[in-house]
Amino acid sequence: MMINNFFILLRQELILSVLIFLLLFIKLGKDRSNENILNIINVALFINLAAGFCCMHEGSLFSGMFTTNALVAFQKNILNLAIWIISMQSFAWLKTHKHVIEFYILLLTSLLGMYFMISSGNLLMFYLGLEMSTIPLAAAANFDLTKKKSSEAAMKLIISSAFASGILLLGISFLYGTSGTLSFEILPAHLGNNPLQIFAFILFMSGFAFKISAVPFHLWTADVYEGAPVAVTSFLSVISKAAVLFAFGTVLYKVFEPIANTWYAVLVVLSFATILIGNLFAIRQENFKRFLAFSSIAQVGFILIGLSGSSQAGLASLVYFILIYVFSNLAAFGVVSLVSALTGKENIADFKGFYKTNPTLSWVLTIALFSLAGVPPTAGFFGKLFLLMAGAAKDNYWLITFAALNMVISFYYYLRIVKSIFMEPNEQPIQKLAIPVVSKFAMYLCVAGIIITGLASVVYDYIYSLSFGL
Amino acid sequence: MNLSLLILLPLITALAILFSKGLKQIRAIGLAGSVAQLGLAGWILKLYMNERSNGNTTAYLFESNYSWFKALHINYHIGIDGISLAMILLTSFIVVAGILVSWTMEQLSKEYFFLLVLLSIGAYGFFISLDLFTLFFFLEIAVIPKFLLIGIWGSGKKENSAMKLALMLMAGSALVVVGLLGVFYNTGTFDIVEITQLGISVAAQQLFFPFAFLGFGVFAALFPFHTWVPDGHASAPTAASMFLAGISMKLGGYGCLRIALLMPNGAQEYAWIIILLATIAIIYGAFATMMQTDLKYINAYSSISHCGFVILGIGMLNKTSINGAVIQMVSHGLMTALFFAAIGMIYSRTHTRLVAQLGGLLKVMPFISTVFVIAGLCSLGLPGLSGFVAEMTVFMGAWQNPDVWHRLATIISAASIVVTAVYILRATGKTLMGPISNEHAVLTDATWNEKLAAGLLIIGILIIGIAPFLINQLIMPSTDILMAQFEKAITLK
């Protein structure tokens with residue numbers, strides 16, 4: 001159903017904006033305890049998520065600048081879900097933090113930018129959304145106020161993403177120069193095998209690759225992930241990556257459809273390099289956050305394979321995998337963030353003997369890692385397999401074989417952690433941690449998501465019904 | 001008859017174990033669940049034989065088919081034929097025996113029994129699947145419990161062995177995935193029944209048969225992908241060794257068999273490679289066993305040799321040899337589980353598995369020693385025990401191929417039995433006969449649970465050994481149907 005009602009189509013953005021203003025008012029009002037504020041925010045974020053599921057209509061606003069449909073609304077809901085979980089998980093860290101409200105304002109502003117990016121119907125809008133989502137994040141990365149590494153991470157993030165944005169903008173301007181338009185509707189008709197356009201596309205793609213940290217544009221990832229507070233790291237690795245990938249899928253399938261052969265070749269090369277490098281570097285990491293950074297690079301490589309299938313199943317498996325990735329990665333980050341907030345330990349070696357003292361957390365972490373590795377019955381198995389299935393539609397079996405064998409490498413480094421948790425003795429294991437109720441709830445939510453999203457086929461079928469093919 | 005019960009029952013058992021407390025409660029639930037499962041398997045056997053004797057000649061019985069991922073044409077399609085039923089019976093025997101020998105597992109008992117039951121869920125689900133996706137799903141479910149069982153409760157360099165096993169098996173499944181995706185994009189379905197009817201193009205078979213077959217071959221310890229077997233088995237705790245050799249390696253054999261029947265042209269074209277690898281595995285496994293000094297390594301290497309017979313039977317591609325392969329899977333499953341159980345019993349008392357440090361155990365542990373001897377004799381193929389029936393059937397089938405190449409492979413493989421006799425008799429003699437050391441002279445014989453476990457497996461071995469027609473009645477109608485389909489598919493192309 002096409003409608004042009006401003007309030008219905010923009011409702012997710014409006015709710016979020018109201019939320020941001022609400023936070024400003026709380027800040028201006030009398031002092032409240034952090035716990036109160038956090039509880040209010042968590043409830044508000046849940047309402048935001050629940051409200052997102054109503055009225056998922058199709059339509060466009062501002063003469064095509066802003067478009068939305070059921071798939072876009074669902075993608076935004078995945079982001080809403082993720083930020084709700086992250087917020088609950090960082091409870092232990094934020095409880096004692098001095099600038100809780102500013103932190104949330106930054107994160108939510110960034111999220112708002114992502115909404116506009118996903119919904120954009122014009123490259124200009126797209127670029128505005130992207131920038132709006134990146135700049136607050138650099139500030140948020142600096143939020144471990146006492147740590148030097150944190151400000152280093154913020155600096156690296158802002159410089160590298162400014163560089164990426166520059167490249168992206170150059171690509172966009174070449175596209176404008178050759179076609180005379182920036183609208184997603186009109187642009188495809190002007191695209192062809194014009195060398196300048198191909199060049200523009202490559203620049204555009206590089207900018208993208210930077211944002212999703214695909215190899216060879218991944219170098220900033222590990223340092224930033226390591227330095228930033230865990231909450232920001234999980235935001236970067238899950239939400240920001242997911243949003244860019246969603247936008248990427250739409251742009252590739254809708255706008256660059258006329259040069260599908262070109263981007264297919266680029267995607268293959270990118271995913272090949274990304275999986276391999278991500279995996280090889282992940283093997284040697286000692287810091288848990290760096291480890292998750294490289295493993296998430298490898299995951300992006302898999303997503304690109306699914307995307308290269310260029311079909312309805314390709315887009316569906318992308319969205320499906322990201323939903324699973326939200327649950328699995330956040331479950332892992334949840335445990336890491338708790339351990340880091342309560343003990344300050346962030347190394348993989350610290351997790352030796354973890355099972356003896358914290359059996360529940362160990363199982364949560366183990367299930368999350370299995371899901372990331374793609375082991376049944378966790379959802380990650382289905383997610384990865386469906387990505388490979390979508391990719392195999394192109395009859396490119398050497399790539400599929402390569403990816404499948406790389407799953408074995410990834411299996412090694414995930415199992416290495418499971419081995420530390422369960423099998424290796426430790427003189428001084430992490431002591432038994434008191435888990436805040438909210439964090440516990442978030443963790444159980446993730447585990448439930450990991451189990452149910454896979455086995456219950458309704459989720460995939462629903463996403464499939466929302467998706468469109470090339 | 002809804003076959004989902006076969007998954008549901010262990011699932012309930014596993015959940016019940018999670019919510020119970022204390023070793024006594026946990027093992028009681030585990031035993032009750034596994035005995036109920038054995039009863040269920042027996043009941044299915046009765047229903048199955050009824051159907052067949054009523055003249056039902058459909059390839060698979062008790063089928064049910066539900067759509068799972070509709071958009072991708074993935075179904076939860078289950079059903080059984082004689083071959084899968086034989087495997088299900090084998091699994092339920094070994095699970096009961098495995099739970100019984102773990103009766104006194106004090107360390108993290110809840111997790112231990114939970115993982116054992118989880119492993120069996122994977123096996124049951126695998127054997128009843130008629131959809132390649134579900135089949136693969138259950139195959140992978142069984143990998144993680146193995147890793148944790150070996151890594152947490154194992155002995156020796158357990159972490160390394162667990163990692164090696166898990167990675168090699170995952171590499172196997174990676175190959176399987178590629179094969180299965182190839183089949184899917186060639187036929188548009190994962191359904192085994194539909195694929196058999198539609199047929200896969202010869203070109204696709206040539207391309208994807210090696211992937212799928214080798215992938216399952218890794219699970220079945222196909223040479224040169226057998227290296228996970230010795231370390232994995234030797235490091236695992238007793239019940240896990242029994243499950244590994246008795247159930248898990250059979251997943252591979254069964255998978256290879258299904259793939260060979262699903263892609264007849266591929267199987268025919270690559271048969272010579274399969275036979276070559278199987279023959280090498282048989283001979284190499286036998287000679288490698290001769291050099292071992294650790295009882296578990298002896299049994300592990302001999303498993304490579306014995307599983308070679310399964311692959312050989314499949315590679316020979318005729319009714320009798322495939323029958324033989326299936327009987328060998330059942331026989332080897334029972335026999336090797338019994339062997340590992342006996343070794344576990346000895347090790348838990350003497351705390352050594354080195355043949356050189358043992359001796360004269362017959363005097364203090366007559367029951368365990370008898371079990372050991374029976375397992376050994378079954379392994380070397382003594383008539384009256386299951387090993388003889390199985391190997392004989394494989395050889396008879398193999399000999400039906402009249403050309404020199406097949407005959408040569410058969411003769412070489414058959415010659416391995418002599419080597420088997422040497423290492424089995426030597427190990428038995430050194431362990432059980434001769435003088436006994438003073439420390440070992442005070443040890444006690446098997447407890448009731450160990451006797452029960454061993455007795456159960458010995459009954460299985462004897463039934464096949466003395467009355468082979470019983471298992472033949474179960475398997476033969478199905479191999480007849482499958483091989484008829486196989487030959488039809490070959491002549492069509």
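The figures here come from the full heavy-atom set of this structure, side chains too, leaving out hydrogens, waters and symmetry mates. Chain A is the first sequence line, chain B the second, and so forth, proteins listed ahead of strands; every chain is numbered from 1.
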| message | Can you confirm whether B/Lys110 is buried at NZ, in the sense that more than 12 heavy atoms of other residues, nucleotides or ligands lie under 6.0 Å from that atom? | response | yes
| message | If I measure from the heavy atoms of chain A, does B/Ile74 come under 4.5 Å with its side chain, its backbone, both, or neither? | response | side chain
| task | Search all heavy atoms of B/Leu251 against all heavy atoms of B/Ala123 and return the closest pair with its distance. | result | CD2-CA, 3.9 Å
| remark: Okay, A/Leu388 and chain B: the region with an atom under 4.5 Å from a heavy atom over there is both
| task | Pick one of side chain, backbone, both or neither for A/Tyr412, based on which atoms fall under 4.5 Å of a heavy atom in chain B. | result | both
| field | Interchain contact, B/Ile144 with chain A, by part (heavy-atom threshold 4.5 Å) | value | side chain
| field | Structural part of A/Met407 lying under 4.5 Å from a heavy atom of chain B | value | neither
| task | From the options B/Leu108, B/Leu119, B/Leu148, B/Leu18, select the one residue that forms a side-chain contact (heavy atoms from CB on, under 4.5 Å) with B/Phe114. | result | B/Leu18
| With a 4.5 angstrom heavy-atom cut-off, which part of B/Phe184 approaches chain A: side chain, backbone, both or neither? | side chain
| field | Lys/Arg-Asp/Glu bridge criterion (N-O < 4.0 Å) met for A/Asp461, B/Lys70 | value | no
| With chain B, which of A/Leu455, A/Thr378, A/Val458 has the greatest number of heavy-atom pairs at distances under 4.5 Å? | A/Leu455
| field | A/Phe411, part contacting chain B, at a heavy-atom distance under 4.5 Å | value | both
| query | Can A/Ser295 and A/Tyr414 be said to form a side chain to side chain donor-acceptor pair (under 3.5 Å), step by step? | reply | CA-CA 9 Å; A/Ser295 88; A/Tyr414 290 121; 3.3 Å; yes
| task | Please assess A/Phe288 against A/Phe351 for the test ring pair (Phe, Tyr, Trp, His ring centres under 6.0 Å), listing each intermediate value before the final yes or no. | result | CA-CA 10 Å; A/Phe288 216 117; A/Phe351 281 79; 5.0 Å; yes
| Per-residue contact mode, A/Ala393 against chain B (heavy atom under 4.5 angstrom) | both
| task | Measure distances from A/Trp363 to the heavy atoms of chain B and classify the residue's part below 4.5 Å as side chain, backbone, both or neither. | result | side chain
| Side chains of A/Met389 and B/Leu181 in contact at under 4.5 Å (non-hydrogen atoms) | yes
